[in-house]
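First comes the structure, then the notes that go with it.
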Protein chains: 2
Amino acid sequence: MLEVNPPPVSGLVPSIPQSGLSIAEAARRTGVSAHTLRYYERAGLVITDVDRTHGGRRRYRQQDLNWITVCTKLRATGMPIKTIRRYAELVSAGPGNEQERLALMEAHRADVTAKLAEIQENLKVIDRKIGVYRGRLAAGDADRLWAPTADTN
Amino acid sequence: MLEVNPPPVSGLVPSIPQSGLSIAEAARRTGVSAHTLRYYERAGLVITDVDRTHGGRRRYRQQDLNWITVCTKLRATGMPIKTIRRYAELVSAGPGNEQERLALMEAHRADVTAKLAEIQENLKVIDRKIGVYRGRLAAGDADRLWAPTADTN
DNA sequence: CTAGGATTTAGAGCGTGCTCGAAGTCAACC
DNA sequence: GGTTGACTTCGAGCACGCTCTAAATCCTAG
């Protein structure tokens, strides 16, 4: 599971110094772990070419955080790493492939709305069960008044 | 990924013969693979104690399918196997633990609604991107009329 | 009775997405 | 100039949920 670093940092965020942010700070602000930031970079998601110090340490700028945030939001909708990578490639290839970007996003949108519908549908089952148990508890069960044989678990 | 056996069989389903259904038929009707049915059983999800022929083949009854369907719907909302297992244990322990079942379901419901909210929130990002690309394509780009420098990918 | 497809088991394998670890480097403060 | 803690790479490890395999057995149609 994704380390649940407390949410991305709410409230008005202190702006970023000239020198950029350490990976720890960037992790704090994007809501993922430093490990995951490195992983995303290795995986080819981070097209903003994060700066480095002389010594090789990453320094994150606002644009890096912005892009990474896009990535995490796409992830949060269930877009696979590979697809985000593909999208990142399209974006970094510059203008001219909007048709492809659009197709990718529309396809993903369809996936997401289908998934949403499915979850909402099955949420009903959960709500019915909750209703059943609340009822039983309220009634002290009363020896299962209604639904004597039905599979009302 | 779950084998996407075409959806659970729509329309009015032929009723189940005395002898029960083969695992292949049960798979067809529940929308998961036979492999997955066996896996669910091994994992302790299937509390209905599926019948066997003399020779040891499984024979599924309506109540088996009903329970398995509950399991698949819980899975579809993202409930982990372990949690379904726990729930199955509660159900199969019989009346008297409704409090626990309720707590389990309510906790899961909270997870699900939180997840739904998150996805819906992030769907907005997708929709904005779609809007941007549609706009660019409609305008023939027009050299990125608006948002000349913003990170409107 | 026989052939051949379906089913059985237990265990191994796999794809995904992180998550961790080791060994070495860097940098900030005293 | 040290010490100390953050950071580097990159490969290994892990949790999850299937998915597949092999070898044996079953069962049904012919």
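Lettering follows sequence order; numbering is per chain, from 1.
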Under 4.0 Å between a side-chain N/O of [X] and OP1 or OP2 of [N], yes or no?
X      : N       : answer
Y39(A) : dC20(C) : no
S22(A) : dC7(D)  : yes
S33(A) : dC18(C) : no

Pairing donors with acceptors under 3.5 angstrom, does anything connect the side chains of T48(B) and D64(B)?
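Side-chain D/A pair, T48(B) to D64(B): present.
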
Between the side chains of T77(B) and H108(B), does any donor sit under 3.5 Å from an acceptor?
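The criterion, which ignores hydrogens and geometry beyond distance, is satisfied for H108(B) and T77(B).
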
Donor-acceptor contact present, side-chain [X] to main-chain [Y], <3.5 Å:
X       : Y       : answer
T113(B) : R109(B) : yes
T30(B)  : A26(B)  : yes
R85(B)  : A43(B)  : yes
W67(A)  : Q62(A)  : no

Separation of [N] [atom2] from [X] [atom1] (nearest whole Å):
X      : N       : atom1 : atom2 : value
L37(B) : dA6(C)  : CG    : P     : 16 Å
H54(B) : dC26(D) : NE2   : P     : 12 Å
L74(A) : dG17(C) : CG    : C1'   : 16 Å
L21(A) : dA27(C) : CG    : P     : 16 Å
E41(A) : dT9(D)  : CD    : P     : 7 Å
I23(A) : dT9(D)  : CD1   : C1'   : 12 Å
R85(B) : dG17(D) : CZ    : P     : 13 Å
I81(A) : dC18(C) : CD1   : C1'   : 8 Å

For [X] against [Y], the heavy-atom pair lying closest together:
X       : Y      : answer
E118(A) : A76(B) : OE2-CB, 3.4 Å
R61(B)  : I16(B) : C-CD1, 3.8 Å
V50(B)  : R59(B) : CG1-O, 3.4 Å

Are the charged groups of R134(B) and E98(A) less than 4.0 angstrom apart, N to O?
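No, this pair does not count.
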
Out of dC18(D), dT8(C), dG17(C), whichever nucleotide has its closest atom nearest the side chain of P80(A):
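For P80(A), the side-chain atoms sit closest to dG17(C).
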
From dC18(C), dG21(C), dT8(D), pick the nucleotide closest to the side chain of H35(A)?
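When the side chain of H35(A) is considered, dG21(C) is the closest of dC18(C), dG21(C), dT8(D).
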
If you find the nucleotide of DNA chain D closest to M79(B) and the one closest to R38(B), which residue's nucleotide is nearer the 5' end?
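Looking at DNA chain D, the more 5' nearest nucleotide goes with M79(B).
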
Of R52(A) and R75(B), the one whose closest DNA chain D nucleotide lies more 5'
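Its nearest nucleotide lies further toward 5', so the answer is R52(A).
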
I need the residues from residues 57-66 of chain B with at least one non-hydrogen atom less than 4.0 Å from DNA chain C; give them sorted by number, or say none.
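Those residues whose heavy atoms fall under 4.0 Å from DNA chain C, taken from residues 57-66 of chain B in numerical order, are R57(B), R58(B).
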
So what does A43(B) touch, heavy atoms closer than 4.0 Å: a base, only the sugar-phosphate, or nothing?
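Touches nothing.
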
5'-most by nearest nucleotide on DNA chain C - G78(A) or T53(A)
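The residue mapped nearer the 5' terminus is G78(A).
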
Nucleotide N/O to protein N/O under 3.5 Å, stretch nucleotides 11-13 of chain C:
unit_1	atom_1	unit_2	atom_2	d
dG11(C)	N7	R42(B)	NH1	3.0
dG11(C)	O6	R42(B)	NH2	3.1

